[in-house]
Amino acid sequence: MIKLNQSIRHFFGDEGFDEGIERVPTETLIALAHTLGIFNGTTDKATLVKSFRRLWSEGESDNRVLIVDFFKHEGKTYPNPKPKEKPHEREEKIDELLEAFTLDADERRELYAAFIDVRSRKITPEKIATKLEHIRYLRKRETLEKALEGKFDYDDSLEYYAPIRYTLGSESFTKIHVLKTLPLNNKRLHEESPETLVPEIEELKSALTAQKQEQTDLFVASLNLENHRYLGRDEIVTALKSAPPSAAYPDFPLPPEILKRILSSAYEGLEFVDAQDELLIEYTRTLTLPQSSKTLEHTLHVQLEIGDITRRIWREETIDLQSVIDAHGEEEEKHFFSELSTLIDECRERSKLLALEEERLRDMVYELLVPYMGPTFHISAKTSRRVLFAFDQRIAGELLRRQRQELLARTVRDFKSLFPLARSLRRKLVLHIGPTNSGKTYTAMEHLRAGGTGYYLAPLRLLALEGYEDLRDHGVNASLITGEEQLIDEDATHISSTIEMLNFDVEVDCCVIDEVQMIGDRDRGWAWANAIIGAPAKTVIMTGSPNAREAVVALAEYLGEALEIIEFERKNPLELLKTPTPIDAIEPKTAVIAFTRANALRLKQQLSKTYRTSVIYGNLSPEVRREEARRFREGETDILVATDAISMGLNLPIKTLLFSKADKFDGQNQRLLTPSEVQQIAGRSGRYGLTEKGHVGALSTDILKKISPLFTGAPDPIKIPFNVMANFDHIMLVSNILEERSLSAIVAFFVENMKFEGPFRAANLESMQEASLIVDRYELDMRTKYTLATAPLSTSSPLVMAAFERYVRALEQKKPIAYIPPRHLGSHAFTMEELQEAEDRIKEISLYLWLSYRLGDYFIDAEKARSFRGELNRFIENSLQQSHFVPRCKTCGKPLPPQSEFSICQSCFHNLNRAKQGVRADRNSQTEKGSRRFSPRGR
């Protein structure tokens, strides 16, 4: 907090926050309120200043950090217009005022330190006198505490340790107790000397100690040592000996095992879960669902206060748990019935068009609810959403049967007719196919530059940027358009963009569609299908690998358009190495291929001990990937570790390419690489013009054996039919006919029921489905829901998903959405987890910028987000140049071995197995007990 106070003074001419904030302009105060998320519509400066003063004075460090960061990024200062104090003026005034007092050296030093940071005009003789009196009083207290062997509390009572004797029959021992006198007279403490006070307080201590000894003797005498209702003699003695100094009758603590023994003997069948500050017991309870014969069994947890039970045990009082247990169970059931009633009411509202009978409605809800119920009687928000979604699906079938005929009559089944401008042109389709390094894209770009107008459509933002720079380097006026970035040239004749950003309503002379084999991609293939069918260009040139031939031919036949196929040969040969290359024998200009981020980073760390190493994987931002590629290209690093992210468009001076694995996870299964994947990746070695031939190998013999046949094998052709994505017209069509406002239900219906003429099927996009489930929880119009659901959402990142939920919530409330930057960002990441967080924050920015181009009235911090993307990219780049990432166990956080392929340590792995075995054993035991299990209500 001190550092934050010092930091804010930098922006306010060395004045504090309360003074400096008055000089900040109103528009800046409004921007600060937006950043903090507290803007309530007021633009009155006095009100804003008052709000910020209150926020700063509340002492929340998170708020202060955000305020300081805001002024740092604004880069402005608001100095005090009044003249500053002259140098040494404050010191001279202090020295002058101290001359009026009789002081020793320590007093002078403490007074000087107390006022050296106070403004001169606020230093007065009265304040110095008051401070001096306080200093001398504190000295007196220290003298008294030392003489009395104690400490004064805030209320001027003396706390000290006293030896108390315990005699229990033939056994005797002494314990130290913490005793505390009544508050002493503050005036006397200030005015009278220690010589007078010490004897009096010593008498108080002696009297209090004697009183405590007497109370202890009476307590010990009252103990029933031989026939205590709950405790044995040894247990009593042990408890008294082990009690903390502050304990007093009847609050002497008892060990957990004694509490469990006593309660278990009184209440058979109780299971004890914990015994720390509270005692947690659990038992099974059965409940019959309303208006049904169905039953639910759940585990009731009751927390008992250990202190209350302990006091009852010492006093030998009856411990009545039954009323506590019953009351807790009835309260849980009451809350559950309320939640159940709310859920049934919501299902009744959603199914009102069907006029379901009450019995059938409840049977449907119970059938859907019971499988999701956990061991406690509670319907969580997540469970409620699941039941409602399943209920919607269940009744959607009945609604569909009533309205299917009308729906099918209005459905646009001929997909190509959705692109009228492309259909009106006499298009020529050209396919450039060939392996990597064959010049097919280079030739296509020559045609594009020669055209009067044109599009270059890339699979990645990085390649769109390279296409944009290529056009401009050749003197072509061009614009760049991606989902999150637009560089618009008013005189542009050409546009380089990511493929999803193609404008189907602007005619051009030539359109180049790069990496056309991506039409077979499970998640993004629809974008290539749309582009090939709907690109509004006189000439459409597609470039891709040979396995795309059949797919493009099928599309051309469906479109009835002429197709010219031009085959390209690789410009220099590729050679498969006959022996593996050990990791310690790798030569410069080598790329080592991994297939996961974790493996890429692990290899990078291992290689960095010997080589200068770059690393590229898909989770990195395009800017960082480009910088890592540049470092390798320009010789700043010797070795490149990369995932198959380099197989798409990156031109690198790779002499040798080595596979570290021969299998990958494709989003659904762990499988062997395909021939087309091996050949596409391997083709990145042996760049034409830099080396005579490329070399392909592996790090081990077994991997080389798997790679060899794939390297020479025939690539698998892309499968037909192709995925197509639900456009907004389709969404609204289904919504209107089914009277359905749930986007997730509409998307599910589209996937299951929509049929097309031609080689197409509705794409099952899991990320769109997941996003739809989120946006359906908010009151938004269907177009906004659709826009949010098609955003580039990284559903595996909790950070991105949390930001997405925040955006959706703000849109529902029609509030402006500020970009909230990371609070702390060092020079580089020290662990893989910190690096992962930075990568996720880049994805968060990409999502924010993507939405800012479509919902610009709400996403107001696009420039700020871009600025922080640059900082995060530098942070990630600096991190990748380190070689000491510490992999940690995701369960306990302990460091993992550098070469570990697992995300948890051996200890946690064994604990997990033991826990699973224990759960299975408990289930078997509970099955055997059957009706013998304890029922508290039955007692």
Side-chain angles (χ1 to χ4, degrees), residues 1-2 59 90-120 122-167 172-220 240-241 243-249 251-252:
M1 298 296 281
I2 291 172
R90 190 179 308 166
E91 293 88 340
E92 292 170 2
K93 183 172 182 179
I94 294 173
D95 289 337
E96 179 183 348
L97 292 176
L98 292 184
E99 291 301 320
F101 297 90
T102 303
L103 307 169
D104 59 28
D106 289 339
E107 291 171 341
R108 176 176 288 275
R109 184 169 53 255
E110 288 188 49
L111 286 170
Y112 202 92
F115 289 97
I116 192 64
D117 291 325
V118 179
R119 294 195 173 187
S120 296
K122 294 185 178 182
I123 304 174
T124 65
E126 292 78 11
K127 290 183 179 179
I128 291 181
T130 301
K131 186 66 177 179
L132 176 60
E133 180 184 356
H134 181 67
I135 290 171
R136 289 174 174 172
Y137 173 63
L138 291 180
R139 284 190 179 181
K140 181 190 287 189
R141 282 174 66 104
E142 291 175 1
T143 302
L144 289 172
E145 287 175 343
K146 185 174 182 181
L148 295 168
E149 298 181 336
K151 286 286 183 182
F152 285 102
D153 286 343
Y154 70 95
D155 60 350
D156 292 330
S157 58
L158 182 72
E159 187 174 273
Y160 68 99
Y161 290 106
I164 302 299
R165 191 74 180 167
Y166 286 73
T167 303
S172 180
F173 58 89
T174 299
K175 280 185 60 65
I176 298 298
H177 279 258
V178 177
L179 301 184
K180 187 176 179 181
T181 69
L182 293 173
L184 302 173
N185 188 295
N186 183 269
K187 184 176 180 182
R188 294 190 63 197
L189 287 176
H190 274 82
E191 297 177 354
E192 297 186 12
S193 67
E195 290 76 16
T196 302
L197 293 171
V198 168
E200 293 186 22
I201 301 176
E202 285 287 5
E203 289 183 12
L204 287 175
K205 286 177 57 180
S206 299
L208 185 59
T209 303
Q211 182 184 8
K212 180 64 178 180
Q213 183 65 63
E214 183 180 353
Q215 291 173 350
T216 301
D217 293 339
L218 289 174
F219 160 65
V220 170
L240 294 179
K241 285 183 176 181
S246 59
Y249 175 78
D251 290 320
F252 288 102

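- Here the side chains of Lys212 and Gln215 are in contact, with some heavy-atom distance below 4.5 Å.
- Aromatic ring orientation, Tyr137 versus His190: parallel (interplanar angle below 30°, classes split at 30° and 60°).
- At a threshold of 4.5 Å between non-hydrogen side-chain atoms, the residues Tyr160 and Ile201 do not count as touching.
- When the shell of 6.0 Å around OH of Tyr112 is examined, it contains more than 12 heavy atoms from other residues, nucleotides or ligands.
- Considering only heavy atoms from C-beta on, Tyr166 stays 4.5 Å or farther from Thr174 through its side chain.
- A distance of 6.5 Å separates NZ in Lys140 from CG in Leu197, rounded to the nearest 0.5 Å.
- Side chains of Leu184 and Leu204 form a contact here, defined as non-hydrogen atoms less than 4.5 Å apart.
- In this structure Lys131 satisfies the side chain to side chain donor-acceptor pair (under 3.5 Å) test with no other residue, sequence neighbours excluded.
- A 4.5 Å side-chain heavy-atom check between Val198 and Glu202 finds at least one atom pair inside the cut-off.
- Counting heavy atoms from C-beta outward, Arg139 and Asp106 have side chains that approach closer than 4.5 Å.
- Salt-bridge formation is detected for the pair Glu145/Lys151: a Lys NZ or Arg NE/NH1/NH2 atom is positioned less than 4.0 Å from an Asp or Glu carboxylate oxygen.
- Counting all heavy atoms, side chain and backbone alike, Asp153 lies closest to Lys180 at OD2-CE, 2.7 Å.
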Handout entry: Stepwise side-chain contact (heavy atoms from CB on, under 4.5 Å) test for Thr167 and Val220
Key = CA-CA 7 Å; Thr167 303; Val220 170; 5.6 Å; no
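- Put simply, the side chain of Thr196 does not reach to within 4.5 Å of the side chain of Glu191, judged on heavy atoms.
- For the pair Lys241 and Phe173, the cation-pi criterion (under 6.0 Å, within 45° of the ring axis) is fulfilled.
- Taking 4.5 Å as the limit, every side-chain heavy atom of Leu97 sits out of range of all side-chain heavy atoms of Thr124.
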Practice task
With side-chain contact (heavy atoms from CB on, under 4.5 Å) as the test, would you mind laying out the steps for Phe115 and Leu98 before giving the verdict?
Solution key: CA-CA 11 Å; Phe115 289 97; Leu98 292 184; over 6 Å; no
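- With values rounded to the nearest 0.5 angstrom, Asn186 atom CG is found 10.5 Å from Phe152 atom CZ.
- Under the rule for a side chain to side chain donor-acceptor pair (under 3.5 Å), Glu96 has no partner lying at least two apart in sequence or in another chain.
- A distance of 11.5 Å separates CG in Leu158 from CG in Leu182, rounded to the nearest 0.5 Å.
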Handout entry: Stepwise salt bridge (Lys or Arg N to Asp or Glu O under 4.0 Å) test for Arg141 and Asp156
Key = CA-CA 10 Å; Arg141 282 174 66 104; Asp156 292 330; 2.9 Å; yes
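- The CD atom of Glu200 lies 4.0 Å from the CZ atom of Arg188; values are rounded to the nearest 0.5 Å.
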Handout entry: Test log, rule side-chain contact (heavy atoms from CB on, under 4.5 Å), inputs Glu159 and Val178
Key = CA-CA 7 Å; Glu159 187 174 273; Val178 177; 3.4 Å; yes
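- Atom CZ of Arg136 sits about 11.0 Å away from atom CD of Glu110, to the nearest 0.5 Å.
- Distance check, rounded to the nearest 0.5 Å: CD1 of Ile94 to CD1 of Ile123 gives 4.0 Å.
- Listed here is the closest heavy atom pair of Pro194 and Pro199: O-CD, 4.2 Å.
- Listed here is the closest heavy atom pair of Thr209 and Ile164: O-CD1, 4.0 Å.
- Under a cut-off of 6.0 angstrom, the local environment of NE2 in His134 is sparse, with at most 12 non-hydrogen atoms contributed by other residues, nucleotides or ligands.
- In this structure, Phe101 has no ring pair (Phe, Tyr, Trp, His ring centres under 6.0 Å) partners at least two apart in sequence or on a different chain.
- When all heavy atoms of Arg119 and Arg90 are compared, the pair lying nearest together is CA-NE, 4.3 Å.
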